[in-house]
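To find a chain, count down the sequence lines: A is the first, B the second, and so on, and within it residues start at 1. Quick note: numbers below take in every heavy atom, side chains included, and nothing from hydrogens, waters or symmetry partners.
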Protein chains: 2
Amino acid sequence: MADVVMDQQQAASDTRDVTDLVLQDILAGVLLPGTWLKQIDLERRYKCTRPEVRRALDRLAQKRLVEHVPNRGYHVYEPDGRRAREVSEIRIILETAIAGTIVQNALPEDIDTLRTLAEHFDQMVLNGTMLELYEANLAFHRHLLVLGGNLELVDLITEIRQRTSSAPVSQWRTRARIEQSGRQHHMMIDAIAAGEAERLQELVRQHILQH
Amino acid sequence: MADVVMDQQQAASDTRDVTDLVLQDILAGVLLPGTWLKQIDLERRYKCTRPEVRRALDRLAQKRLVEHVPNRGYHVYEPDGRRAREVSEIRIILETAIAGTIVQNALPEDIDTLRTLAEHFDQMVLNGTMLELYEANLAFHRHLLVLGGNLELVDLITEIRQRTSSAPVSQWRTRARIEQSGRQHHMMIDAIAAGEAERLQELVRQHILQH
DNA sequence: GTAGCCTAAATTGGCGCCAATTTTGGATAC
DNA sequence: GTATCCAAAATTGGCGCCAATTTAGGCTAC
């Protein structure tokens with residue numbers, strides 16, 4: 001029984017890129033802001049080689065999730081109020097801008113898919129891990145954005161969302177807010193189904209700001 | 001005399017990161033779309049070591065300026081009509097969104113600075129290299145965006161702008177369009193000075209679309 | 001003459017070692 | 001008892017080698 005679990009973990013750490021593993025641990029709050037990421041530790045933790053660790057750290061530094069101090073090492077970025085506010089503002093600009101297109105493009109089957117994803121999110125709130133919840137949320141928003149018809153924009157928003165590394169711990173902690181997010185998902189779908197673009201815009205704005 | 005020039009070039013290639021050097025050559029059109037970037041060539045071209053080349057290529061692949069094909073190498077991305085269109089759309093969304101804030105925040109001294117930068121661009125059109133022109137353009141737009149008050153947004157737009165790697169060759173070729181850009185810069189400043197946010201929005205839209 | 005295969009050259013990419021720098025702990029002097 | 005300096009341990013990061021894979025060229029067979 002324990003072997004099965006071990007195999008899954010092993011398979012996961014073999015298959016997925018080390019960069020993603022470190023990224024998820026930062027996003028999940030396992031690696032707290034300010035933590036120094038020593039190469040030897042990561043090497044052992046993720047069962048990988050030195051060059052792999054260094055490539056991962058360099059990529060995360062490019063994404064500005066960790067900071068690189070020459071001859072000192074890499075550490076997880078401290079939460080920055082100004083940056084968080086600015087990123088939220090950018091997200092609002094981008095995600096409200098395509099609200100109209102989303103409403104126009106959405107077919108009945110798209111609305112069904114969104115409803116399913118929103119319900120899946122609700123279920124993960126009840127009995128799912130933090131990571132599963134995070135991914136369910138991502139899946140919903142991704143499908144929503146794809147309706148905007150601009151694939152480049154979908155990638156960009158997904159990328160930007162990761163820049164608020166300190167987000168998961170500080171912003172997802174209260175159960176009330178998570179449940180509120182779940183309700184908002186359904187309200188957004190309602191607005192799309194009703195063809196009300198402006199209401200969708202307002203909902204998206206509130207959804208981003210409440211975080 | 002020749003030694004002085006050589007020293008400057010040497011100093012430049014020692015100081016600046018290899019990533020930036022390759023990036024500039026792609027943006028300048030020296031390395032054309034589709035070109036295979038062989039590690040040995042880059043090693044010799046930029047007088048650097050193998051690991052440095054590989055880190056640069058990995059970073060550019062992350063930025064999606066080059067594509068990585070496992071066991072085959074890295075090659076400069078081919079121009080992609082759809083992507084270029086989508087990136088333009090994103091730029092329009094972002095840059096028009098902060099037009100209002102720019103008009104509000106702009107002080108007389110800011111307008112003077114912008115005017116100087118716009119004139120510098122005009123001079124580079126007459127007697128400057130392609131790279132100098134590119135940088136003069138970047139400097140003008142950067143100072144314009146900073147007035148928006150969202151530094152994260154400034155970085156983001158700068159980053160996005162680089163994603164249309166094929167841009168420089170195909171889009172900057174006609175002298176008429178470059179001169180048109182110069183005139184638009186001044187018209188944008190006029191709109192800011194007059195406090196007309198909506199006119200600025202329309203000018204920004206046209207400025208991006210004409211490329 | 002052409003198509004397919006096989007061999008050799010070239011290129012990528014993984015891995016580990018060693019030098020340079022920093023940090024920490026202890027010892028000594030005040 | 002505290003501060004400063006020195007030395008040793010640890011950590012980062014540059015560099016080069018070698019194995020694995022791919023590609024190109026030539027030879028052979030049909």
Side-chain angles (χ1 to χ4, degrees), chain A residues 7 9-26 30-78 165, chain B residues 6-26 30-78 165:
Chain A
D7 284 350
Q9 286 181 346
Q10 200 63 35
S13 58
D14 283 350
T15 307
R16 302 188 82 167
D17 190 2
V18 192
T19 313
D20 290 335
L21 295 172
V22 182
L23 177 66
Q24 283 191 356
D25 279 347
I26 293 175
V30 180
L31 298 170
L32 292 169
T35 312
W36 285 96
L37 301 172
K38 294 178 185 170
Q39 298 181 3
I40 295 184
D41 291 345
L42 300 181
E43 201 171 332
R44 285 197 270 256
R45 190 176 220 280
Y46 301 106
K47 297 278 189 299
C48 59
T49 63
R50 181 63 62 95
E52 280 178 305
V53 170
R54 279 165 69 177
R55 186 176 47 167
L57 287 172
D58 185 66
R59 286 181 178 175
L60 292 173
Q62 294 296 308
K63 287 186 177 180
R64 300 205 301 189
L65 267 144
V66 303
E67 190 182 10
H68 174 58
V69 185
N71 291 323
R72 289 282 316 276
Y74 299 80
H75 65 86
V76 183
Y77 250 73
E78 300 279 355
S165 63
Chain B
M6 196 54 187
D7 284 348
Q8 284 180 339
Q9 285 181 346
Q10 200 63 34
S13 58
D14 282 350
T15 307
R16 301 188 82 168
D17 191 1
V18 192
T19 313
D20 290 334
L21 295 173
V22 182
L23 178 65
Q24 282 190 357
D25 279 347
I26 293 175
V30 180
L31 298 171
L32 292 170
T35 313
W36 284 95
L37 301 173
K38 294 179 185 171
Q39 298 182 3
I40 295 184
D41 291 345
L42 300 182
E43 204 172 330
R44 285 196 270 258
R45 189 176 221 277
Y46 302 106
K47 296 279 189 297
C48 60
T49 62
R50 180 63 62 96
E52 280 179 304
V53 170
R54 277 166 70 177
R55 187 176 45 169
L57 287 171
D58 186 66
R59 286 180 178 176
L60 293 172
Q62 294 295 308
K63 287 185 177 179
R64 299 204 301 187
L65 268 145
V66 303
E67 189 183 11
H68 174 57
V69 185
N71 292 322
R72 288 282 316 274
Y74 300 79
H75 65 87
V76 183
Y77 251 74
E78 300 278 357
S165 63

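Dashed line: the shortest gap from a side-chain N or O of Arg72(A) to OP1 or OP2 of dT11(D) is not under 4.0 Å. Contact between the side-chain N/O atoms of Thr49(A) and the OP1/OP2 oxygens of dG14(C) is not found at any separation under 4.0 Å.
Distance CG (Leu57(A)) to C1' (dG13(D)): 12 Å, rounded to an integer number of Å. Distance CZ (Arg55(A)) to P (dC15(C)): 10 Å, rounded to an integer number of Å. One interatomic measurement links the two molecules: CG of Leu37(A) to C1' of dA10(D), which rounds to 17 Å at whole-angstrom precision. One interatomic measurement links the two molecules: CG of Asp58(A) to P of dG14(D), which rounds to 10 Å at whole-angstrom precision. The distance between atom CD1 of Ile40(A) and atom P of dC17(C), rounded to the nearest whole Å, is 13 Å. Spacing between atom NZ of Lys38(B) and atom P of dT22(D) amounts to 17 Å, rounded to whole angstrom units. Taking atom NE2 of His68(A) as the reference point, atom P of dT22(C) lies 12 Å away to the nearest angstrom. For the pair Tyr74(A) OH and dT11(D) P, the interatomic distance rounds to 16 Å; values are reported in whole Å.
Nearest heavy-atom pair across Tyr77(A) and Pro33(A) is O-CB, 3.4 Å. Closest approach of Thr49(A) and Glu43(A) over heavy atoms only: C-CG, 4.1 Å.
Distance from the side chain of Asn71(A) is smallest for dT21(C) among the nucleotides dT22(D), dC15(D), dT21(C). In the set dC15(C), dT23(D), dG13(D), the nucleotide with an atom closest to the side chain of Arg50(A) is dG13(D).
Distance CG/Asp25(B) to CG/Leu31(B): 5.0 Å, rounded to 0.5 Å.
The nearest heavy atom of DNA chain C to Gln39(B) and to Glu52(A) marks one nucleotide each, and the one closer to the 5' end goes with Gln39(B).
Between Arg59(A) and Asp58(B) the shortest side-chain heavy-atom distance falls below 4.5 Å.
Partner of Leu23(B) under the side chain to side chain contact (heavy atoms under 4.5 Å, CB included) criterion, chosen from Val66(B), Val18(B), Leu65(B): Leu65(B).
Arg54(B) comes within 4.0 angstrom of a nucleotide base, judged by non-hydrogen atoms across all strands.
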